[in-house]
Amino acid sequence: MKVIPAIDIMDNKVVRLVKGDPKNKTVYSSDPVGMAKKWEKAGADMLHVVDLDATLGTGSNLQTIKKITESVSIPVEAAGGLRTKEIIENALQFSSKVVLGTIAFKNKEILEEVSKKFGKERIVISADQMGGKIVISGWKENTGIELIPGIENFVRLGYSQFLITTVERDGTLHGPDLESLQKSCDIKNVNVIASGGISNLQDIVNVKKCGAAGVILGKALYDGKISVEEVKTLA
């Protein structure tokens with residue numbers, strides 16, 4: 001199981017939101033590149049870098065993500081607000097993978113075009129769920145699609161990598177949504193990255209038992225409740 005620290009960027013600072021709410025945030029650093037180097041040194045397998053300004057439609061931190069990819073040797077997946085073909089292709093010039101949510105659900109044509117050009121293995125489909133339904137556009141728009149049928153639709157199109165986040169758990173330290181995670185991991189030919197709610201090492205054990213291919217570390221890591229080194233030992 002890959003250990004993947006999250007670096008969420010807003011106003012060029014490293015922050016964590018609670019339940020995706022920009023009004024409920026904690027700032028951890030004003031040096032995203034330095035943070036990336038720190039997690040690489042600690043032994044992270046990969047970095048999950050989220051442009052929250054782009055997610056919320058208030059700006060772009062794509063150049064900062066590019067700087068991060070140039071500063072570390074481990075893979076970096078770019079996430080957040082990648083909603084046009086041009087921006088996605090730009091991000092794929094320097095990122096190992098892109099995480100696509102809104103555009104994956106709203107514009108399959110662009111998704112397919114980008115996949116043909118760069119390969120489906122470089123596309124991670126993001127399924128953020130709230131109240132059992134997948135939400136997009138910075139968690140403001142409910143698609144009405146349930147998580148498992150939503151994933152299965154993309155599996156039929158040949159996608160195998162999914163990032164699953166239960167928004168109600170994200171940044172709360174209340175533990176991961178193991179039920180949704182297990183159902184997602186049980187789908188054939190699917191690699192699931194678990195995100196949201198991790199609070200301690202037992203949560204890591206539980207996520208691994210579900211069969212997750214990777215786990216994203218956020219608030220628990222930044223608050224010092226777990227370390228990359230400890231999680232690596234379990235993973």
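Sequence positions, counted from 1, serve as the residue numbers for this chain.
In the model, Glu77 has no side-chain atom that pairs as donor or acceptor with a side-chain atom of Ser96 under 3.5 Å. Side-chain polar atoms of Gln202 and Asn206 form a donor-acceptor pair below 3.5 angstrom. There is a side-chain donor-acceptor pair under 3.5 Å between Ser73 and Glu40. If you check the side chains of Asp186 and Ser184, you find no donor sitting under 3.5 Å from an acceptor.
Judged purely by atom type and a 3.5 angstrom limit, Lys140 has no side-chain atom pairing as donor or acceptor with the backbone of Ile136. Judged by distance alone, with hydrogens and angles left aside, the side-chain atoms of Thr143 form a donor-acceptor pair with the main-chain N or O of Ile134 at under 3.5 Å. Panel note: side chain Asn61, backbone Thr64; no donor-acceptor pair is recorded below 3.5 Å. When atom types are taken as modelled, the side chain of Thr166 and the backbone of Arg169 share no donor-acceptor pair closer than 3.5 angstrom. Without hydrogens or angle criteria, Glu168 side chain to Gly131 main chain gives a donor-acceptor distance under 3.5 Å. Asn24 contributes no side-chain N or O that, together with a main-chain N or O of Leu17, makes up a donor-acceptor pair within less than 3.5 Å. The main-chain N or O of Lys13 is never found under 3.5 Å from a side-chain atom of Asp11 such that the two would form a donor-acceptor pair. Without hydrogens or angle criteria, Gln93 side chain to Asn90 main chain gives no donor-acceptor distance under 3.5 Å. Between the side chain of Thr84 and the main chain of Ile87, a donor-acceptor pair closer than 3.5 Å is present. In this structure, Gln182 contributes its side chain and Cys210 its backbone to a donor-acceptor pair below 3.5 Å.
Legend: residues meeting ring-ring contact (aromatic ring centres under 6.0 Å, His included) with Tyr222, ordered by chain and number and at least two apart, are Tyr28, Trp39.
Results of the side-chain contact (heavy atoms from CB on, under 4.5 Å) test with Leu82 over Leu62, Leu92, Asp51, Val114 single out Leu62 as the only residue that passes. For the side-chain hydrogen bond (donor to acceptor under 3.5 Å, both in side chains) criterion with Gln161, the lone passing option out of Lys120, Glu121, Lys97 is Lys97.
The minimum heavy-atom distance between Ala127 and Leu147, with the atom names listed, is CB-CD1, 3.7 Å.
Around CD of Glu70, the count of heavy atoms belonging to other residues, nucleotides or ligands within 6.0 Å exceeds 12. Atom CD of Glu179 sits in a sparse spot, with 12 or fewer heavy atoms from other residues, nucleotides or ligands closer than 6.0 Å.
Classification of Asp223 and Arg16 as a salt-bridged pair fails, no side-chain N sitting under 4.0 Å from a carboxylate O. Salt bridge Glu112/Lys116: absent, no basic N to carboxylate O contact under 4.0 Å. Between Lys106 and Glu141, at least one side-chain nitrogen of the basic residue sits less than 4.0 Å from a carboxylate oxygen of the acidic one, meeting the salt-bridge criterion. Checked for salt-bridge contact, Lys117 and Glu89 meet the test: a charged N lies under 4.0 Å from a carboxylate O.
Inter-residue side-chain proximity for Ile187 and Glu152 is flagged as met; some heavy-atom pair is nearer than 4.5 Å. The shortest side-chain heavy-atom distance between Leu47 and Pro5 falls under the 4.5 Å cut-off. At least one side-chain heavy atom of Phe162 sits less than 4.5 Å from a side-chain heavy atom of Val190.
Put simply, Leu100 and Phe94 are part of the same group of oily side chains (I, L, V, M, F, W, Y) that touch within less than 4.5 Å, one to the next.
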Full working for side-chain contact (heavy atoms from CB on, under 4.5 Å) between Ile7 and Val50: CA-CA 6 Å; Ile7 300 176; Val50 185; over 6 Å; no
If you apply the rule side-chain contact (heavy atoms from CB on, under 4.5 Å), what do you find for Tyr159 with Ile151, and how did you get there? CA-CA 9 Å; Tyr159 295 91; Ile151 294 172; over 6 Å; no
